[in-house]
Protein chains: 2
Amino acid sequence: MAHRTISEEQLLDRALELFRVHGFEGVSLSRLSEAIGLEKASLYHRYPGGKDQIVLAAVARVAQWFGEHVFALLKTDDSPRRRVALVAEQLRVFYRDGTQPCVTDVLSISGGSEELAATLKIALQAWLKAFGEIARESGLSSSVSRLRAEEAIVRIEGSLVLARVLGDTKPFQRVLKLLPGLLTVA
Amino acid sequence: MAHRTISEEQLLDRALELFRVHGFEGVSLSRLSEAIGLEKASLYHRYPGGKDQIVLAAVARVAQWFGEHVFALLKTDDSPRRRVALVAEQLRVFYRDGTQPCVTDVLSISGGSEELAATLKIALQAWLKAFGEIARESGLSSSVSRLRAEEAIVRIEGSLVLARVLGDTKPFQRVLKLLPGLLTVA
DNA sequence: GTCTATATTAAGATAGAC
DNA sequence: GTCTATCTTAATATAGAC
């Protein structure tokens, strides 16, 4: 293989593409090496912890993306309803209209490290918190806000499962449309 | 290893326990052999197609269970609402109060055969159809029934994902409670 | 029908040249 | 920092005895 170079960001994006579709156990270092364009030894040089470390870095990048594109949007000075609508647009991008699986779903299936499981849990809790806060701000009670946040994420996750199994993204698109009504008062 | 014997049913139940938690790629023949109590060569004797064939047989058994415990219940002469309540109880059993993952979710993650993917799709479509029919029978319009069936399954799948990631089964329990209201007219 | 034993391939991981 | 080469372990799969 020719002597190639690749940025940290590109490397992790390509790794994530594999992990979110095939899961932790479904991705080997050989496949990563091929997709990324670096030999296995080069991957070990950058990530001495191997696959465990690579997947953690990829998930951290997703968390960063969510921070910038989702959570940040929820704290602008638009109306709550408008902010949620903008968030729905970002989610549509992240999940490519429902054609890409949820990272949290796929990577939470057994096989990865304890640290990976803990990281995914924290990421999902942050998402729940952000959705709960916007609902609260829109005027819903604290307990209802929490329930709405859970319901929203339940329906996003569930619709992505249906999309994967059935090849039908309509339920996902529907959830995104309903999101403003679900997370804010009418 | 001592010369052991095991029924087809027990074998597949033990295989399913592994597959629904660890996914197709996460289960090796060695692990299957250990969990089932038969040597790998014995598994190949019963299932010459190896892991692919074993997982298909395990999924077929799940489909049979759903036929007997879920779909059959939907065709008794109880009231639609009562029938859905009984189905919810069966789902609580199958998912062990939300502590066990959805087979369709976990096994639909890439790695298995095309036939497995097709089988899971058919199983999920049958479930949608059954839920749609009970909703229709309860008096909802055809189009609303379809939407309610999709919403019910979306929320079951999504709440099981949350349960796995967060270790919190409350959203799942809540969906089961809401199921009669979701699938039948009040 | 299950076992022991083994073949073959792919996985994770490291050493050392450039 | 990336490469080639290699090690070790575990995976799928088969042969043949009992």
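Naming: A, B, ... by sequence-line order, numbering from 1 per chain.
Of the candidates dT12(D), dG1(D), dC3(C), the closest approach to any side-chain atom of Arg46(A) belongs to dG1(D). For Ala41(A), the listed nucleotide lying nearest its side chain is dA15(C); candidates were dT12(D), dA11(C), dA15(C).
At the phosphate of dT14(D), neither OP1 nor OP2 sits under 4.0 Å from any side-chain N or O atom of Tyr44(B). Taking only side-chain nitrogens and oxygens, Ser42(B) never comes nearer than 4.0 Å to OP1 or OP2 of dG1(C). Look at Ser30(B) and you'll find a side-chain N or O under 4.0 angstrom from OP1 or OP2 of dA11(D).
Computed from coordinates, the His3(B) NE2 to dC3(C) P distance equals 6 Å when rounded to whole Å. Atoms CG (Leu29(B)) and C1' (dT2(C)) sit 16 Å apart, rounded to a whole Å. In this structure, the CG atom of Leu38(A) is 5 Å from the P atom of dT2(D), given to the nearest Å. In this structure, His45(A) places its NE2 atom 16 Å from P of dA17(C), rounding to the nearest Å. At whole-Å resolution of the value, CD in Glu8(A) and P in dT2(D) are 10 Å apart. Taking atom CG of Leu32(B) as the reference point, atom P of dA11(D) lies 11 Å away to the nearest angstrom. One interatomic measurement links the two molecules: CG of Leu43(A) to C1' of dT14(C), which rounds to 14 Å at whole-angstrom precision. When the C1' atom of dT12(D) is taken as reference, atom CD of Glu25(B) falls 13 Å away, rounded to whole Å.
Side-chain contact between Phe131(A) and Val87(A) is present, with heavy atoms from C-beta onward closer than 4.5 Å.
Applying the side-chain contact (heavy atoms from CB on, under 4.5 Å) test between Pro80(B) and each of Val185(B), Leu74(B), Thr184(B), Leu183(B) identifies Thr184(B) as the sole match.
Among the protein residues, Lys40(B) comes within range of the nucleic acid bases, having at least one heavy atom under 4.0 Å from a base atom.
Summarising the geometry of Ala57(A) relative to Tyr47(A), their closest heavy-atom pair is CB-CE2, 4.0 Å, with the distance given to 0.1 Å.
Surrounding CD of Glu115(B) are at most 12 heavy atoms belonging to other residues, nucleotides or ligands under 6.0 Å away.
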